[in-house]
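Below you'll find the structure, written out as structure tokens, and then a few comments.
Each ligand, and each atom within it, is numbered from 1 in the order the structure gives.
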Amino acid sequence: MAARLSVKQDYESLLDKYDTWLFDCDGVLWEGDRLIDGAIEVLQLLREKKKSVLFVTNNATKSRKSYKTKFDKLGVEAHVDEIFGSAFASAVYISSVLKLPKDKKVYVIGMSGIEEELKEEGISYIGGTDPADYTLEPFSLANFTPDPSVGAVLCGLDTAINYTKLSKAFQYLIRNPGCAFLATNEDSTYPAADGLLPGAGSISAPLRYAYAKDPISIGKPNGTMLECIKAKHDFDPKRTLMIGDRLNTDIQFGKNGGLDTLLVLTGITKEEEITGPNASPIIPDYVTKSLGDLRILKS
Ligand SMILES: O=C(O)[C@H](O)[C@H](O)COP(=O)(O)O
Ligand SMILES: [Mg+2]
């Protein structure tokens with residue numbers, strides 16, 4: 001049963017117990033470009049208390065560097081080496097786990113975040129934001145010559161998805177021998193500022209259905225992101241708290257990594273998913289309405 005945080009002492013106990021605080025972004029710090037009330041003050045307070053603050057997002061639309069620009073624009077203190085996104089984790093996975101040969105390429109369904117991180121990792125790619133794939137024209141196989149050097153398809157959130165991109169990715173999967181099928185993450189929905197939108201998982205779903213195979217998903221709840229963090233930061237999992245808004249990614253990610261977890265209700269997960277007869281079996285250690293609730297620590 002999750003402990004419902006309510007009085008100041010509840011929040012003070014978190015400060016005593018945890019040195020490292022991992023923050024999911026969408027639905028915790030902000031929705032789209034709309035900051036969650038109190039987020040800035042709480043992050044500042046944690047830094048004043050000498051807590052290690054890290055950001056762990058499944059959103060692959062931005063690279064770590066372009067996320068830093070978003071943090072700056074919104075007035076949230078963050079340093080590039082504190083930011084971990086699924087685009088970065090995917091690039092690390094392709095180079096260090098899949099070990100894609102240097103003469104091979106990745107066909108990308110996704111945006112600049114993936115492209116920038118692949119480039120930074122020295123991985124060649126095609127597709128992505130290439131204008132040639134940005135079309136609503138009917139796709140014709142007669143005019144398509146697949147690139148034989150494509151050794152992986154990587155699919156992330158792509159707000160310009162179209163039939164041409166899906167068709168090319170599908171062709172690579174069925175035609176290029178051993179072509180890996182990878183997803184940055186599988187969030188079904190995306191918590192935008194004014195409501196829910198289809199998430200990365202809903203972008204790769206048509207491919208999964210056509211290809212009749214599931215991709216290897218790299219983002220939360222899978223451990224690759226935590227491995228990326230461990231490669232850059234020392235922390236004690238027993239004194240680390242994962243704060244998230246989605247049960248099957250953030251909270252499961254924390255559980256998989258041996259971390260305690262705090263669920264906030266400002267994003268995807270709603271009250272009825274954690275209480276009552278249909279409650280999810282994924283149970284966080286703590287629940288609070290919003291990250292802003294921790295402002296009580298300033299009083
Ligand atoms: O569809 C997606 O990719 C996700 O909804 C989204 O971007 C999740 O980001 P996070 O909550 O992990 O920051
Ligand atoms: Mg989230």
Metal site the Mg ion (ligand 2): N/O/S of Asp26 inside 2.8 Å: yes

Is there a polar contact, in the sense of an N or O pair closer than 3.5 Å, between Asp250 and ligand 1? no

Give the atoms of ligand 1, by number and element, whose distance to some non-hydrogen atom of Lys220 is under 4.0 Å. 12 (O)

Take every heavy atom of Arg246, measure it against each atom of ligand 1, and state whether any distance is under 4.0 Å. no

Counting each atom of ligand 1 from 1 as listed, which ones have a heavy atom of Cys25 under 4.0 Å away? 13 (O)

Flag, side chain of Arg295 to backbone of Gly292, donor-acceptor distance under 3.5 Å: yes

Short side-chain to backbone donor-acceptor contact, Thr269 and Leu265, under 3.5 Å: no

Backbone N/O of Gly27 and side chain of Trp30: donor-acceptor pair under 3.5 Å: no

Ignoring hydrogens, just give me the one of Asn185, Thr61, Asn59, Val28 whose non-hydrogen atom is nearest atom 2 (C) of ligand 1. Asn185

shortest atom 9 (O) of ligand 1-to-protein heavy-atom contact is with Asp26 OD2, 3.0 Å

Among Thr184, Thr189, Asp24, whose heavy atom sits nearest atom 10 (P) of ligand 1? Asp24

Quick one: do Lys17 and Glu12 make a salt bridge, cutoff under 4.0 Å? no

Starting from the Mg ion (ligand 2), look over the N/O/S atoms of Asp24 and name the nearest one. OD2

Between Arg208 and Glu186, does any NZ, NE, NH1 or NH2 come within less than 4.0 Å of an OD or OE carboxylate oxygen? yes

Which ligand 1 atoms are under 4.0 Å away from a heavy-atom of Gly199? 1 (O)

Identify whether NZ of Lys or CZ of Arg in Arg239 sits under 6.0 Å from the centre of the six-membered ring of Tyr18 and within 45° of that ring's axis. no

Any N/O/S atom of Asp245 sitting less than 2.8 Å from the Mg ion (ligand 2), backbone or side chain? yes

Hey, can you tell me if Phe23 and Phe55 have their rings parallel, tilted or perpendicular (30° and 60° cut-offs)? tilted

Closest non-hydrogen protein atom to atom 13 (O) of ligand 1, residue and atom name please, with distance? Thr57 OG1, 2.6 Å

Nearest heavy atoms of Ile114 and Thr184, plus distance in Å: CD1-CG2, 3.7 Å

Can you tell me the protein heavy atom closest to atom 1 (O) of ligand 1 and the distance? Ala200 N, 2.7 Å

When you check the gap from the basic side-chain N to the acidic O, do Arg4 and Glu271 get nearer than 4.0 Å? yes

